[in-house]
Amino acid sequence: MSEPPRVQRVAAYAVIIRDEEILLAQLAPRVTAAELWTLPGGGVDHGEHPREAVLREVWEETGLEVEISEVARVYSGHLPGASRDDRRVDLHAIRVVYAGWVRQGSPEPRVIEENGSTVAAAWQSIEAVLDGRVPVAGVVREALHDVHPARLQRIAAYALIRRDGEVLLTRLSVTAPRTGHWTLPGGGLEHGESPAQAAAREVAEECGVTAEIGRLVGVHDVHFTGTAPDGHTQDYHGVHIVYDAA
C-alpha cells in the first residue's frame with residue numbers, strides 16, 4: 001500500500017475574545033463529519049501576507065471587521081491521516097495565529113462566503129470550550145492557553161465640585177468602559193502634567209467651566225479584566241486622584 005501524498009498548508013487565524021466568549025467558526029461536513037469548531041481563518045493564498053489572509057478569512061467566515069495584532073504565534077501540526085479533498089494525505093499544517101479584536105456593538109457573526117469550509121459562526125463560552133461541551137480543533141485550546149489580556153494602568157485626576165446640595169457630574173460616552181454611567185469630571189494625565197492641572201483642564205473640557213482646584217480628597221483604584229469598547233481585552237488598573245474643587 002502506497003503512502004499518502006505529503007501536503008504542507010499555511011493558514012492564518014485570529015483568536016478573538018469578548019468578555020467570557022470566543023469567536024469560532026464551525027467546519028463544514030465535507031471537512032469533518034462530526035461537529036467541530038475552530039478559530040476563524042484559513043489558507044494563505046500564494047503571494048498573500050498572513051495578516052491580509054486572516055482579515056479576509058474572518059470577514060468571509062463571520063461577516064465582522066476585525067483588528068489584529070502586529071505579531072503572531074506560530075503552531076505546527078503533523079496529521080499523517082488527514083482528509084483533504086476526499087482523500088487521505090500526510091498533512092503538515094502551519095498555523096499563524098494573531099490576536100484579534102471586534103468593537104463592541106458589532107453585529108452578530110454570520111457566514112458571508114457560502115460553500116466554503118465553514119457553515120456557521122458564533123460566540124462560544126470559553127468555559128464550555130475548555131470543559132468539552134463545545135467540540136473544538138486543537139489550535140483553539142492552544143491559542144486560549146497562550147493568550148493573555150494586555151495590561152493597562154491609567155492615572156487620572158477628578159474634581160469634586162458641590163453646590164447647594166448638588167454635585168457636578170459628567171456622563172460617560174460610548175468610548176468609555178461603562179457607557180452611560182455618571183462620574184466626576186476628570187480624566188487621564190498627560191505626560192508631564194500634574195494631577196491638579198489635569199483635573200482643572202478636564203473640568204474645562206468636559207463642563208465648559210473654570211474650576212479652582214483645592215485640597216486632595218483621596219486616592220482610590222480599581223482593578224478588573226474586561227473588554228474595552230474597542231474590543232481589546234484588558235487587565236485594567238485605574239488609579240484615581242480626587243480633589244475638592246469650586
Side-chain angles (χ1 to χ4, degrees), residues 7-27 36-79 82 91-107 109 112-113 116-118 121-127 129-130 134 136-155 175-177 188 191 223-238:
V7 175
Q8 193 172 64
R9 179 176 185 265
V10 179
Y13 299 89
V15 53
I16 304 169
I17 294 174
R18 180 187 69 181
D19 297 326
E20 302 301 320
E21 298 178 313
I22 182 171
L23 183 62
L24 298 178
Q26 184 182 3
L27 293 173
L36 191 66
W37 295 78
T38 190
L39 300 175
V44 178
D45 292 339
H46 183 77
E48 185 179 36
H49 192 284
R51 295 187 84 253
E52 297 173 350
V54 75
L55 291 173
R56 171 180 55 78
E57 288 283 348
V58 170
W59 167 254
E60 293 174 355
E61 296 183 353
T62 71
L64 297 176
E65 294 184 358
V66 61
E67 176 188 352
I68 62 170
S69 58
E70 292 294 330
V71 296
R73 292 181 178 272
V74 177
Y75 302 91
S76 176
H78 183 206
L79 307 171
L91 178 64
H92 180 204
I94 306 296
R95 305 181 180 100
V96 182
V97 180
Y98 295 89
W101 305 278
V102 173
R103 286 190 172 275
Q104 290 188 11
S106 295
I112 298 296
E113 184 186 54
S117 60
T118 59
W123 293 100
Q124 298 283 7
S125 161
I126 293 176
E127 181 181 0
V129 168
L130 295 177
V134 177
V136 296
V139 68
V140 178
R141 292 181 179 274
E142 288 180 301
L144 281 173
H145 180 269
D146 291 337
V147 168
H148 304 284
R151 298 174 69 180
L152 174 65
Q153 188 177 65
R154 181 174 182 266
I155 313 299
T175 63
H191 184 76
H223 182 207
F224 63 90
T225 298
T227 302
D230 62 4
H232 289 233
T233 301
Q234 294 177 341
D235 178 359
Y236 180 82
H237 181 210

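In this structure, Y236 and F224 have tilted ring planes: the angle between them lies in the 30° to 60° band.
With a 6.0 Å radius and a threshold of 12 heavy atoms from other residues, nucleotides or ligands, H145 has its NE2 atom at or below the threshold. Atom CD of E127 is surrounded by 12 or fewer heavy atoms from other residues, nucleotides or ligands within 6.0 Å. Atom CD of E48 is surrounded by more than 12 heavy atoms from other residues, nucleotides or ligands within 6.0 Å.
To the nearest 0.5 angstrom, R51 atom CZ is 4.5 Å from E70 atom CD. Separating the CG atom in D19 from the OG1 atom in T225 is a distance of 11.0 Å, to the nearest 0.5 Å. With rounding to the nearest 0.5 Å, the separation of CZ in R95 from CZ in R73 is 15.5 Å. For the atom pair L91 CG and Q8 CD, the distance stands at 9.0 Å (nearest 0.5 Å).
Using a cutoff of 4.0 Å between basic side-chain nitrogens and carboxylate oxygens, E52 and R56 are not scored as salt-bridged. A salt bridge is absent between R103 and E65; no separation between the charged side-chain nitrogens and carboxylate oxygens falls under 4.0 Å.
Among all heavy-atom pairs drawn from V129 and R141, the shortest one is O-NH2, 3.0 Å. Taking both residues in full, the closest heavy atoms of A12 and A53 are given as CB-CB, 4.3 Å, listed atom of the first, atom of the second, then distance. Across A137 and L36, no two heavy atoms sit closer than the pair N-CD1, 3.7 Å. Annotation for S69 and W101: closest pair N-CZ3, 3.6 Å, computed over non-hydrogen atoms. A pairwise comparison of heavy atoms in Q124 and V134 identifies OE1-CG2, 3.7 Å as the closest pair. Closest of all the heavy-atom pairs between I17 and I126 is CG2-CD1, 3.9 Å.
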Kindly determine whether R18 and V102 satisfy side chain to side chain contact (heavy atoms under 4.5 Å, CB included), including the steps that lead there.
CA-CA 8 Å; R18 180 187 69 181; V102 173; over 6 Å; no

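Side-chain contact between V58 and I68 is absent, with no heavy atoms from C-beta onward closer than 4.5 Å. Using a 4.5 Å cut-off on side-chain heavy atoms (C-beta onward), W37 and V140 make no contact.
A side-chain contact (heavy atoms from CB on, under 4.5 Å) with I16 holds for exactly one of T62, I22, L24, L23; it is L23.
Judged by distance alone, the side chain of E61 and the main-chain N or O of A121 form no donor-acceptor pair under 3.5 Å.
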